[in-house]
Amino acid sequence: MQYTTCEAVYNDSDKTLKSPSMTGDFNAKRKKKVAEIDQALNSDPTDVAALRRMAISEGGLLTDEIRQKVWPKLLNVNTNDPSPVSGENLRQMSKDYQQVLLDVRRSLRRFPPGMPEEQREGLQEELIDIILLILERNPQLHYYQGYHDIVVTFLLVVGERLATSLVEKLSTHHLRDFMDPTMDNTKHILNYLMPIIDQVNPELHDFMQRAEVGTIFALSWLITWFGHVLSDFRHVVRLYDFFLACHPLMPIYFAAVIVLYREQEVLDCDCDMASVHHLLSQIPQDLPYETLISRAGDLFVQFPPSELAREAAAQQQAEKTAASTFKDFELASAQQRPDMVLRQRFRGLLRSEERTKDVLTKPRTNRFVKLAVMGLTVALGAAALAMVKSALEWAPKFQLQLFP
């Protein structure tokens with residue numbers, strides 16, 4: 001059984017029901033978009049670029065029925081291929097089985113409210129099988145806590161057979177860096193967060209640097225594509241539409257726009273790591289998602305990864321001498337519990353004002369020009385086109401191409 005996630009008609013920014021005239025406009029736009037998606041799907045060859053634009057633009061792919069058709073196209077998965085087959089005794093042979101079992105048992109809230117217990121337990125068994133099968137077929141991949149949050153999203157939308165194929169492709173491409181034996185590449189991706197914020201709002205960036213909050217608060221956002229932290233499944237799949245159609249780094253851009261959106265809340269905090277970390281780790285559930293998606297697309301166009309790579313590398317170097325150390329990050333990665341990092345840090349580390357000052361004294365060239373540019377909203381269509389064209393620009397340690 002699949003679950004339609006975008007049927008409700010309401011305004012995401014204020015949660016108020018739309019007027020009849022607004023509902024009529026919405027239905028007309030929705031009908032037109034469905035027709036455009038069908039046209040792209042039925043083109044020979046399939047118009048994948050158009051499907052990406054539809055996935056990025058307002059409302060995303062609208063329903064799970066459409067996602068079942070479009071997500072395979074976005075991941076270049078042939079739905080006519082035979083289903084992946086597992087070897088015998090997979091659960092007995094897998095070194096990850098016990099950890100996967102524990103994580104899946106803790107995933108109750110990821111299933112729709114009111115789902116019959118028997119049905120939910122059956123889906124949890126399927127979830128375990130999908131994860132273990134992908135790991136068996138791809139021994140270079142390493143399981144991490146949070147991976148099941150991504151897999152369950154695909155399972156609920158497209159079912160077990162197709163979810164296995166889609167997540168396997170995703171795991172060897174978009175998620176590849178998270179599935180290394182170490183967290184080095186994940187940390188590299190997290191290091192793009194502060195340079196993005198710095199480009200848009202240097203005051204907020206400097207405040208966070210003085211607070212030494214680091215980027216651990218965004219770890220679970222990134223490695224689960226926000227599936228672990230958002231309670232409304234409709235918002236989760238809307239973001240998956242967006243991320244599947246875009247550059248693999250888009251989730252970190254979306255994380256940045258969430259922090260930027262909460263600027264005043266952050267600046268109103270005490271300028272210390274505990275206060276800022278606590279605020280940012282509690283992600284609001286009533287975010288204006290369409291606005292933030294559009295904003296993330298704009299930032300990607302204006303500040304592409306290639307322009308931020310040097311600052312991200314510098315950020316990694318700076319963290320080696322600041323309170324937010326790599327040892328802290330490894331601990332958070334292993335435990336998936338940022339509060340444990342806080343306790344560790346407070347036990348043994350004192351803040352060093354001089355070291356922090358060194359990190360913060362970089363020149364601010366052309367800031368006003370860049371901020372003025374940010375006042376001009378890039379049309380989403382243009383942003384989508386640019387993201388489609390540069391969707392495979394990302395090239396960290398594993399430079400893998402998803403589409404020809």
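For Glu125, the salt bridge (Lys or Arg N to Asp or Glu O under 4.0 Å) partners two or more places apart in sequence, or in a different chain, are Arg91. By the salt bridge (Lys or Arg N to Asp or Glu O under 4.0 Å) test, Asp149 pairs with Arg110, sequence neighbours left out. Residues passing the ring-ring contact (aromatic ring centres under 6.0 Å, His included) test with Trp71 are Phe154, sequence neighbours excluded.
The shortest distance between side-chain heavy atoms of Val229 and Phe226 falls below 4.5 Å.
Closest approach of Val104 to Gln124, counting heavy atoms only: O-NE2, 2.9 Å. Scanning both residues, Leu127 and Ser107, for their nearest heavy atoms gives CD2-OG, 4.3 Å.
Using a cutoff of 4.0 Å between basic side-chain nitrogens and carboxylate oxygens, Glu290 and Arg238 are scored as salt-bridged. Between Arg106 and Asp103, at least one side-chain N (NZ, or NE/NH1/NH2) sits under 4.0 Å from a carboxylate O, which counts as a salt bridge.
Looking only at atom types and distance, the side chain of Gln302 has no donor-acceptor partner in the side chain of Asp298 under 3.5 Å away.
The only option from Leu267, Asp206, Leu260, Ile196 that meets the side-chain contact (heavy atoms from CB on, under 4.5 Å) definition with Asn201 turns out to be Leu260.
Ser57 places a side-chain N or O within donor-acceptor distance of the main-chain N or O of Met54, the cut-off being under 3.5 Å. At least one donor-acceptor pair under 3.5 Å links the side chain of Gln285 to the backbone N or O of Ser231.
Sparse packing is recorded around CD of Gln39, with 12 or fewer heavy atoms of other residues, nucleotides or ligands lying under 6.0 Å away.
Aromatic pair His247/Phe300: ring centres closer than 6.0 Å.
Note that CD1 of Ile37 is 8.0 Å distant from OG1 of Thr63, once rounded to the nearest 0.5 Å.
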